[in-house]
A.B. asks: 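Encoded as structure tokens, here's the structure I'll be asking about.
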Amino acid sequence: MNISHTTREMPTAATNTSTSWRSKPSWKEIARNKSRLVSKLLKDYDKRIRPYTGVLPMDVRVDMLVSNIWAIEESQMDFTIDIYLRQYWEDPRLSFLENEMQKTLTLNRQTIDEIWVPSTYFFNAKKAYFHDVTTDNYLLQIHPDGNIFYSVRLTVTMACKLNLQMFPHDVQTCTVMLESYGYQATDVYYKWNSRNSTGDVVFIAEDLEMPQFMITNVKLEERTNIYNIGPHSALVAKFTFHRRLGYYMIQTYIPSMLTVTISWFSFWISPDSPPARVGLGITTVLTMITISNSARAPLPKVSYTKAIDWFLLMCLVYVFGALMEYAIVNFYSCKVQYKRERKKKKAEQEILEQESEKEEDKFTSPCLNGSLKKNESNGSYRLAVVVDSKNPFFPRAQLNKKHPKFRFSRRHRQKERDDLDESDSQPPKKHHHYFWDPYETAFMTSEPAYSVDKYARIYFPVTFAVLNSIYWIVYAPDKMIF
Ligand SMILES: NCCCC(=O)O
């Protein structure tokens, strides 16, 4: 809506007493003349009868200025629109001779009640009201040739069938359909008015901005609706709305993705800290449920699945999955701990038996000269075997055969050498060092619980990223509007 500001001069006494006042009619004369003209036009005028009745069907041309569109209400499946509805028609009974005093008549609300007006109504209106501040918002102009221009300001809430399968990536089309209530198409025919100065028919106010939508198209149709009482002419304006994603990004998508990401932190927390892992898991599940509820709250209870339902379901499954993963880890962890204890006990029993035998009998032989030491602090065993200089591979092969649980260890080499040789005055002999921690051996041999965490660290983020990409490709293939 372009508004320009101009100043104008009011007629003054000086204007009326100028030398040319006799040739130009005074404003009082003009007013009196117009008053007489209106009375004359309305005398014998029967507003019950339409123009051209019994002679021709008449056209009613329509255009409109949309000054505002209030948010589309998904739960109610409607939208509210502020319009200046403008109707144009010809009524030869109201034509008059144009002259200096008789130009276009601009009249007020009362005159509308005295002339014939089309019985226009909104087909899909749920409720509507006229504006009356500070006076009734009506405009009526009668042109000398009998053309009438009638404008009225309305706020109408219209039904709009929404398909929310793609919500919130949806594009909605809402219609404004107006029709003649009382006249059949053979009497009154509606047409979109493209005869105005711009050629536009539905003007959208320049400053109209919808917080959640963007109007991307307006399509116009003229149609005839067939009823059992006969055909009625109608006009349809179809507004296309693209939903803006910004709100849903901030309120739903980003918080959900962050919640899912937080749930993965559990995979890096020790399985031996159940309060930490269970607490994190349950918090993220509850957070996801809260986000889902608030995202769905304004939506109607439709029976089909919406895009956002899939996304929220996916996130919920992931946070639930992270909690379930801990249940599995915990189960295996307990099982493993039990087995580990048993293995450790068995291993220690074995060692005790070995220790009870003479060390040399067990770990030394003419070809395998070894020295076994137990680390009392952690229960591990270390064995240093003198290497046969002629055959350096000999002791390891021999030991692997005799004591397969011992592992060659570089880690303890220097320490062992110091321990073994400190009391030896001879030059140090070359040793191979072997290590066996019965506890560690039992622990390392079966650790499915820890493997589950290790796999989860990769599996959860990768699959979530893949599913997310599929979601955005399927549901937001076109441009996204924020
Ligand atoms: N000042 C109200 C104008 C009405 C209309 O443009 O239809």
Side-chain angles (χ1 to χ4, degrees), residues 1-10 31 34 38 47 51 58-70 79-91 94 103-125 127-158 174-181 188-210 215 218 220-222 233-239:
M1 196 173 2
N2 288 318
I3 298 167
S4 61
H5 300 271
T6 53
T7 54
R8 68 193 172 96
E9 277 179 27
M10 297 296 291
K34 282 198 172 174
V38 172
K47 69 170 184 174
M58 64 174 289
D59 287 348
V60 175
R61 286 172 292 112
V62 175
D63 63 50
M64 57 174 85
L65 166 69
V66 178
S67 60
N68 210 345
I69 300 181
W70 306 98
F79 74 112
T80 302
I81 186 167
D82 276 357
I83 44 176
Y84 293 13
L85 179 70
R86 297 161 179 165
Q87 299 178 79
Y88 309 79
W89 69 92
E90 205 181 309
D91 191 341
L94 296 175
K103 292 191 175 158
T104 297
L105 295 169
T106 300
L107 302 163
N108 71 356
R109 168 80 181 83
Q110 278 68 43
T111 321
I112 291 160
D113 291 337
E114 295 180 51
I115 65 165
W116 179 91
V117 291
S119 59
T120 308
Y121 80 107
F122 289 94
F123 183 86
N124 53 331
K127 54 182 187 232
Y129 61 88
F130 296 101
H131 290 259
D132 54 10
V133 176
T134 59
T135 59
D136 292 335
N137 294 185
Y138 286 80
L139 183 158
L140 179 70
Q141 284 180 351
I142 302 175
H143 294 273
D145 56 3
N147 274 314
I148 316 289
F149 166 40
Y150 168 41
S151 167
V152 58
R153 185 174 166 221
L154 297 163
T155 297
V156 192
T157 302
M158 313 247 187
C174 293
T175 57
V176 172
M177 179 151 93
L178 54 89
E179 197 191 75
S180 170
Y181 198 91
V188 173
Y189 198 86
Y190 283 90
K191 285 182 175 170
W192 286 115
N193 178 43
S194 49
R195 284 195 218 157
N196 56 52
S197 53
T198 58
D200 288 338
V201 177
V202 174
F203 306 85
I204 310 273
E206 270 172 26
D207 54 355
L208 192 157
E209 197 153 314
M210 297 173 74
I215 305 170
V218 183
L220 304 173
E221 272 178 30
E222 291 171 4
S233 172
L235 294 176
V236 180
K238 291 184 177 175
F239 293 85

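Numbering of ligands and ligand atoms starts at 1, following listing order. Note that this is a predicted model, so its numbers are computed, not measured.
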A.B. asks: Report yes if some N/O of Tyr84 lies less than 3.5 Å from some N/O of ligand 1; otherwise report no.
C.D. replies: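 No; every N/O pair is 3.5 Å or more apart.
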A.B. asks: Distance under 4.0 Å to a non-hydrogen atom of Arg86: what atoms of ligand 1 satisfy this?
C.D. replies: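 Counting atoms of ligand 1 from 1, those under 4.0 Å from Arg86 are 5 (C), 6 (O), 7 (O).
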A.B. asks: If every non-hydrogen atom of Ile81 is compared with every non-hydrogen atom of Val176, which pair is closest and at what distance?
C.D. replies: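 Scanning both residues completely, I find the closest heavy atoms to be CD1-CG2, 4.2 Å.
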A.B. asks: How far is atom 4 (C) of ligand 1 from the closest protein heavy atom, and which atom is that?
C.D. replies: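 Nearest protein contact, heavy atoms only, for atom 4 (C) of ligand 1 is Ser151 OG, 3.4 Å.
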A.B. asks: Under 6.0 Å between ring centres: does that hold for Phe203 and Tyr84?
C.D. replies: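 No, ring centres 6.0 Å or more apart.
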A.B. asks: Among all the protein's heavy atoms, is there at least one whose distance to atom 6 (O) of ligand 1 comes out below 4.0 Å?
C.D. replies: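 Yes, there is a protein heavy atom closer to it than 4.0 Å.
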A.B. asks: Could you tell me which non-hydrogen atom of Ile115 sits nearest to which non-hydrogen atom of Lys47, and how far apart they are?
C.D. replies: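 Nearest heavy atoms, Ile115 then Lys47: C-CB, 3.6 Å.
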A.B. asks: For the residue pair Tyr150 and Trp89, does the interplanar ring angle fall in the parallel (under 30°), tilted (30 to 60°) or perpendicular (over 60°) class?
C.D. replies: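 Correct class here is perpendicular.
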